Amino acid sequence: MKNTLIVLLGPTGVGKTDFSVELAEKTGSEIISADSRQFYMEMRIGTAVPGDDLLKRVKHHFIRFMSVREYYSSSIYERDVLRLLPSLFEKNNTVIMTGGSGMYIDAVCNGIDDIPDTDPAVREKYNKLYEAEGIEGLRIALKMLDPDHYTKVDLRNHKRIIRALEICESTGLPYSSFLQNRKTVRDFTIIKAGLRRERQQLYERINTRVDMMIEEGLEEEASKLFDLRHLNALNTVGYREFFDYFAGTISREKAIELIKRNTRRYSKRQMTWWSRDESIQWFDASEKEKIYDYLRI
RNA sequence: GGUGCCAUAGCUCAGUCGGUAGAGCAACGGACUGAAAAUCCGUGUGUCCCCGGUUCGAUUCCUGGUGGCACCA
């Protein structure tokens, strides 16, 4: 039987974590997390990392394995997962990947174009340009270095422009010349099952989950990370709202309300991301039997 | 029971000297190639409480209801 990567995806709060452990136990496989914020060892409560009981039941990978101080990306994730997978397939011909980071999942399933690494100083340079001259300064630079990409990129999104610029400058070639737009075929089978819930029910679960995080001590967890708040990894729902509260900009009550709202918005963005992926078979979170049938387990 | 005030978007409210209405928040839709729980873009979603009256035309003015709040009994 061919090696199979089962990808269990869905918006935050839909119930992936518990179900993935059930699936893993049923198939005897291990779990690869595809949650870009559960990677960090400094965060636990606010990123809804699986509880110790679940972690004990099934071996998980890519959970709290690095520091928020380190750089990471979907490309590095692709590389790391592809390196790990052969050893997992040796033990069992199914591996389960679960998480909510669409871009990271796509990196593993479809691959992303090979683009050389960049010098962090170059990104810093363009961040400074953005600060000094605004989006217009970035646009002028891009029009000069990569006129082709200039016509395609979202010209109001500074992160996209800076990304293109740093590649242009680091490689001496236009960013667009690296974009092949082709899908890599893996030597293992990929099956994607999406979990969904009625919007209102999902939102109620999100709101309840945030209240639970508060009870479990999210505020204290965030307070310990306050000094590191400038790091990208901490530009995360559940933490940045508390940072604003600690800084005195908003009330504690307002921070909690915003965490709920921003988590709801995040879940919507996840659903939008997956809406165009036709390889996903969607199931209501209550239809576990149908999912087992679909996965033939 | 009496008097007064109020009733407009999911919520809080503004407004229309009579020509079917708009803010904030919430919500909704979309984009996405190494920062992605990030970043960016777009959208008012409405029996203007109900029945009548006046009027060419009523959410707006008037009568009467209904509901809410306040005060007096």
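We use all heavy atoms of the structure for the numbers below, so side chains are in, but hydrogens, waters and symmetry mates are not. To find a chain, count down the sequence lines: A is the first, B the second, and so on, and within it residues start at 1. All of these numbers come straight from a predicted model, not from anything done at the bench.
- Across all strands, I76(A) comes closer than 4.0 Å to no nucleic acid atom at all (heavy-atom distances).
- Nucleotide G53(B) carries an anti base; the chi torsion (O4'-C1'-N9-C4 or O4'-C1'-N1-C2) is more than 90° from 0.
- For V237(A), counting side-chain heavy atoms from C-beta on, the closest listed nucleotide (G30(B), A36(B), A37(B)) is A37(B).
- Residue T118(A) is out of contact with every strand shown, counting any heavy-atom pair closer than 4.0 Å.
- With a cut-off of 3.5 Å on both Watson-Crick or G-U wobble distances, the partner of G22(B) is given as C13(B).
- Inter-residue side-chain proximity for I259(A) and F242(A) is flagged as met; some heavy-atom pair is nearer than 4.5 Å.
- Note on R240(A): only backbone sugar-phosphate atoms sit closer than 4.0 angstrom, heavy atoms only; bases stay farther off.
- Closest to the side chain of R123(A), from the set A31(B), A35(B), G30(B), is A35(B).
- Taking the charged nitrogens against the carboxylate oxygens, K224(A) and E220(A) do have a contact shorter than 4.0 Å, which makes a salt bridge.
- Under 4.0 Å is where a charged nitrogen must lie from a carboxylate oxygen, and between K128(A) and E131(A) no such pair does.
- Comparing S36(A) and R261(A), the nucleotide of RNA chain B nearest to each residue sits closer to the 5' end for R261(A).
- Backbone-only engagement by R199(A) is indicated by non-hydrogen atom pairs under 4.0 Å involving sugar-phosphate atoms exclusively.
- Under the Watson-Crick and G-U wobble criteria, each requiring two contacts below 3.5 Å, nucleotide U63(B) is left unpaired.
- Side-chain contact between F243(A) and L225(A): present, with at least one pair of heavy atoms (C-beta onward) separated by less than 4.5 Å.
- Residue Y239(A) is classed as having no contact, given no heavy-atom separation below 4.0 Å to the nucleic acid.
- If you check every strand for non-hydrogen atoms under 4.0 Å, N181(A) touches a base.
- Looking at heavy-atom distances under 4.0 Å, N110(A) makes no contact with the nucleic acid at all.
- A 3.5 Å limit on both hydrogen-bonding distances identifies G68(B) as the Watson-Crick or G-U partner of C5(B).
- The residue N235(A) sits close only to the backbone: its heavy atoms come under 4.0 Å of sugar-phosphate atoms, none of a base.
- When each of A233(A) and N157(A) is assigned the nucleotide of RNA chain B bearing its nearest heavy atom, the one mapping closer to the 5' terminus is A233(A).
- Residue-level contact check: Y77(A) touches neither bases nor backbone, having no heavy atom under 4.0 Å from any strand.
- The nucleotide G57(B) finds no pairing partner, because no Watson-Crick or G-U wobble arrangement with both distances shorter than 3.5 Å includes it.
- G4(B) sits 26 Å from U12(B) when the P atoms are compared, rounded to a whole Å.
- A ring-ring contact (aromatic ring centres under 6.0 Å, His included) check over residues 76-102 of chain A, counting only residues at least two apart or in different chains, returns the pairs F39(A)-Y77(A), F62(A)-Y77(A), Y77(A)-Y104(A), F89(A)-F188(A).
- Between Y72(A) and F65(A), the distance from one ring center to the other falls under 6.0 angstrom.
- Among the protein residues, R37(A) comes within range of the nucleic acid bases, having at least one heavy atom under 4.0 Å from a base atom.
- Looking at the side chain of D35(A), the nearest of the listed nucleotides A37(B), U33(B), G42(B) is A37(B).
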